[in-house]
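Working notes, structure below.
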Amino acid sequence: MNIDTLNKQFGIANVVTFTAGNGDLPCITLTSKLANATIYLQGGHITHWQPTGEKPVLFMNSKSFFEDGKPIRGGVPICFPWFGAHPTNEKLPAHGIVRAKQWEVESITQDPVGNVIVTLLTKSDQASYDLWPFKFELRHIITVGSTLNLNLQTQNTDDKEFKITQALHTYLAIKNIHNVQIAGLEGCPYFDKVATANTHAPQSPLHLTGEFDSVFCDTQATCRVIDPDMGRQISVAKTGSDSTIVWNPWISKSAKMQDMADHEWPQMLCIETANAGHNIITLKPGDQHEMTSMISVTKLG
Ligand code: BG6
């Protein structure tokens, strides 16, 4: 569907406009009294959310690709139907098959409070079937307001059972990783992907001092990112998610990434609402799973 048709069908005067975004990729520009946001149809991907009166909450890398078929670096990429490397075939794309695909718009509405609800959809097709032989529908329902609600709904439309892992791979904007603490994962053992080892549970809020890439399983906890330099705390609450991934590439990994500016890694922190590791979701034909991430900001007193 071209931009004019999308605007005719789904645009909301003075609030929701479709434009050709970076790299001419179609995107939704959203401006309401509660927040501003940008959502790309490629990957069903929110790249920007700024509640009124706040600084942007999502980090976007200035060197991100905006190209047909390449994942966007920043915002909230969607990992599905596997998180990270494919468990048995390393030739398959990392983080699954939907983050570089064009999604459809199913509906856009505004509620009486002013929240804008954008429903994006991607379905299995021949290309996805060649990589992952199951029929599915995946909806990303993004509610943009003074909080950001991301609801990922997976439906098994096949006549056989399938298993998935998944993540809302959320890049949060912070001032300086050296001064940030992450509360909420105390008491939760984790798998350290850098050391490739299981690690004891942290006893106090995390403070990163080097490359960190860890999968915390069996946790439904809200994470709080305490950022004194920005004078704010970002909370990531969740439902339907038993895993949380914490990631910052630090200096040398970031330098190796083509789509990551060398000096920007201290300003990002991924707190990913997920089902990963041994938290695998099994869906029988017709079954649906919902995972939701609720992101909010409060000022530090
Ligand atoms: C994180 C993974 O979720 O995503 C890391 O735990 C990975 O291992 C990172 O490096 C970024 O992945 P990608 O595919 O976007 O470079």
Side-chain angles (χ1 to χ4, degrees), residues 22-23 25 40 42-47 58-87 89-101 131-132 150 152 164-174 177 182 185 188-199 206 208 210-217 219 223 225 236 238 241-262 264-280 291 293 295:
N22 291 322
L25 297 178
Y40 278 77
Q42 175 155 304
H45 192 136
I46 180 160
T47 56
L58 302 178
F59 167 87
M60 254 315 296
N61 201 282
S62 62
K63 279 182 70 182
S64 173
F65 298 121
F66 282 94
E67 277 177 44
D68 195 13
K70 285 198 177 170
I72 295 170
R73 174 78 61 203
V76 187
I78 293 178
C79 308
F80 172 93
W82 57 86
F83 166 80
H86 185 274
N89 184 351
E90 61 183 28
K91 290 194 181 128
L92 291 175
H95 292 322
I97 55 177
V98 298
R99 65 175 174 157
K101 211 181 147 187
L131 298 172
W132 191 64
L150 305 175
L152 192 64
I164 58 161
T165 53
Q166 54 177 185
L168 289 157
H169 190 311
T170 309
Y171 287 76
L172 299 174
I174 54 173
I177 191 81
I182 306 150
L185 295 167
C188 182
Y190 59 97
F191 180 71
D192 180 340
K193 291 175 75 177
V194 180
T196 55
N198 288 312
T199 303
L206 292 169
L208 309 193
E211 182 182 352
F212 196 88
D213 186 2
S214 294
V215 182
F216 294 75
C217 283
T219 174
C223 281
V225 173
V236 183
K238 58 186 196 152
S241 154
D242 288 335
S243 320
T244 297
I245 290 95
V246 177
W247 181 59
N248 182 291
W250 225 254
I251 305 166
S252 54
K253 178 145 189 195
S254 132
K256 285 183 201 133
M257 295 165 80
Q258 230 194 318
D259 56 343
M260 180 85 99
D262 286 352
E264 289 180 7
W265 61 269
Q267 294 142 36
M268 60 153 276
L269 175 64
C270 288
I271 302 289
E272 307 173 37
T273 294
N275 288 296
H278 64 252
N279 297 136
I280 296 165
M291 176 172 82
S293 180
I295 306 172

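Remember, it's 1-based here, ligands and their atoms both numbered in the order they're listed.
The atoms of ligand 1 that sit less than 4.0 Å from any heavy atom of Lys193 are 2 (C), 5 (C), 6 (O), 8 (O). Atoms of ligand 1 lying under 4.0 Å from any heavy atom of Trp247, numbered from 1 in the order shown and given with element: 5 (C), 9 (C), 10 (O), 11 (C). In summary, the atoms of ligand 1 found under 4.0 Å from a heavy atom of His169, numbered by their order in the structure, are 1 (C), 3 (O), 4 (O), 9 (C), 11 (C). Close approach of ligand 1 to Asp213 (heavy-atom distance below 4.0 Å) involves ligand atoms 2 (C), 5 (C), 6 (O), 8 (O). Counting atoms of ligand 1 from 1 in the listed order, those under 4.0 Å from a heavy atom of Phe83 are 3 (O), 6 (O).
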Are Leu92 and Leu131 close enough, and set up right, to give a side chain to side chain contact (heavy atoms under 4.5 Å, CB included), and what steps lead you there? CA-CA 7 Å; Leu92 291 175; Leu131 298 172; 3.6 Å; yes

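Here CG of Leu172 is found 9.5 Å from CD1 of Ile182. Values are rounded to the nearest 0.5 Å. Phe216 contributes atom CZ, which lies 5.5 Å from atom OH of Tyr190 (distance to the nearest 0.5 angstrom).
Among protein heavy atoms, atom 12 (O) of ligand 1 sits closest to His95 NE2, 3.3 Å.
In this structure, the side chain of Lys63 does not engage the main chain of Asp262 through any donor-acceptor pair within 3.5 Å.
None of Arg73, Glu272, Gln267 except one satisfies the side-chain hydrogen bond (donor to acceptor under 3.5 Å, both in side chains) rule with Tyr171; the exception is Arg73.
Residue Arg73 holds the heavy atom nearest to atom 13 (P) of ligand 1 of all those in Gln258, Glu272, Lys253, Arg73.
Ring geometry, His95 versus Phe83: the interplanar angle falls from 30° to 60°, so the pair is classed tilted.
Only the side chain of Arg99 comes within contact range of ligand 1, with a heavy atom under 4.0 Å; no backbone atom does.
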